[in-house]
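Right, one structure below, let's go through it.
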Amino acid sequence: MMILVSACLFGKNCKYNGGNNLNSLLTQLLKEEKVLLLCPEQLGGLPTPRTPAEIQEGEGKDVLAGRSWVINKDGEDITNNFIKGAKLTLAKAKIENINLAILKSNSPSCGVNRIYDGSFSAQLKKGDGVTTALLRDNNISVISDEDFIKGENTNESN
Ligand code: SF4
């Protein structure tokens, strides 16, 4: 069974600043698994590097419902890129019959249960990123990299 993983967690340089979020412990834990590495923001047509963006009011499900929007630090509305990236990620996950995704915590696309609050001050609020919300809406389980590792460590100690 294939697992969808945020590409930056496996060292792909798709992060907004041109770097990555390599999580060596995660790559080690998944070394026997088949993984599909995707970056929703790149899929949505955004360049790398790019200006960082945050969801303003609400969270990912509100963006999908048209009640909220994604603004980058230059004040540009890039909501459509985020929605397009989420839809393409879902489409690719469905082709591979994926039912588990491990995504990067806090991101406005990939965040799980917590995202940056829209003030560009590194503050978090409750909620999912846009891609996470769409995957969950389509019955794909989503867990953050941090929670996946915590769970694995808990299992090992039991
Ligand atoms: S959109 Fe997701 S995969 Fe792409 S850089 Fe951000 S957290 Fe990583």
Side-chain angles (χ1 to χ4, degrees), residues 2-30 33-56 58-64 68-74 76-96 98-138 140-150:
M2 194 175 275
I3 300 171
L4 171 63
V5 182
S6 295
C8 59
L9 292 172
F10 265 55
K12 304 292 180 193
N13 291 329
C14 51
K15 191 176 168 178
Y16 73 88
N17 62 7
N20 61 68
N21 295 306
L22 176 64
N23 186 327
S24 302
L25 189 47
L26 183 70
T27 60
Q28 181 67 20
L29 287 169
L30 296 180
E33 306 289 340
K34 285 186 197 163
V35 295
L36 176 64
L37 302 177
L38 295 177
C39 174
E41 291 177 24
Q42 286 189 334
L43 283 174
L46 293 169
T48 305
R50 56 190 171 274
T51 307
E54 296 187 3
I55 296 173
Q56 296 304 303
E59 54 170 303
K61 68 181 177 190
D62 300 307
V63 173
L64 293 169
S68 183
W69 54 96
V70 186
I71 302 288
N72 71 17
K73 214 172 175 181
D74 295 331
E76 296 165 325
D77 185 335
I78 51 171
T79 305
N80 287 342
N81 297 98
F82 273 65
I83 292 174
K84 179 182 175 189
K87 287 180 174 174
L88 286 172
T89 301
L90 174 64
K92 289 174 183 288
K94 281 188 169 174
I95 288 169
E96 301 294 346
I98 283 172
N99 55 28
L100 174 64
I102 301 171
L103 302 186
K104 173 72 182 75
S105 54
N106 307 338
S107 151
S109 292
C110 296
V112 186
N113 302 329
R114 284 181 310 279
I115 52 174
Y116 290 115
D117 74 352
S119 64
F120 297 101
S121 57
Q123 299 299 309
L124 297 171
K125 62 183 175 184
K126 282 187 183 171
D128 293 329
V130 179
T131 293
T132 298
L134 188 63
L135 295 175
R136 283 182 156 170
D137 256 6
N138 285 272
I140 295 176
S141 298
V142 187
I143 185 169
S144 73
D145 55 318
E146 294 171 355
D147 287 344
F148 180 79
I149 286 171
K150 270 189 226 156

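We count residues from 1, following the sequence as given. What you see is a predicted model; the values in this text were computed from it and never measured. Order of appearance sets the numbers: ligands from 1, and atoms from 1 within every ligand. Atom set for the values below is all heavy atoms of this structure, side chains included, hydrogens, waters and symmetry mates excluded.
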Residues pairing under side-chain hydrogen bond (donor to acceptor under 3.5 Å, both in side chains) where one sits in residues 122-133, two or more places apart or in two chains, turn out to be Asp128-Arg136
For [X], the ligand 1 atoms whose distance to one of its heavy atoms is below 4.0 Å:
X	answer
Lys15	5 (S)
Leu38	3 (S)
Arg50	5 (S)

Between [X] and [Y] (side chain of the first, backbone of the second, donor and acceptor by atom type, cut-off under 3.5 Å), is there such a pair?
X	Y	result
Asp74	Glu76	no
Glu59	Gly127	no
Ser107	Lys104	no
Asn17	Gly19	yes

Would you say NZ of Lys15 has more than 12 non-hydrogen atoms from neighbouring residues, nucleotides or ligands within 6.0 angstrom?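 Atom NZ in Lys15 is packed in, count exceeds 12.
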Nearby protein N/O/S atoms (those under 2.8 Å) for atom 2 (Fe) of ligand 1, with water ignored: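 Protein N, O or S atoms closer than 2.8 Å to atom 2 (Fe) of ligand 1: Cys110 SG.
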Separation between CG (Leu36) and CD (Glu96), nearest 0.5 Å, reads 6.0 Å
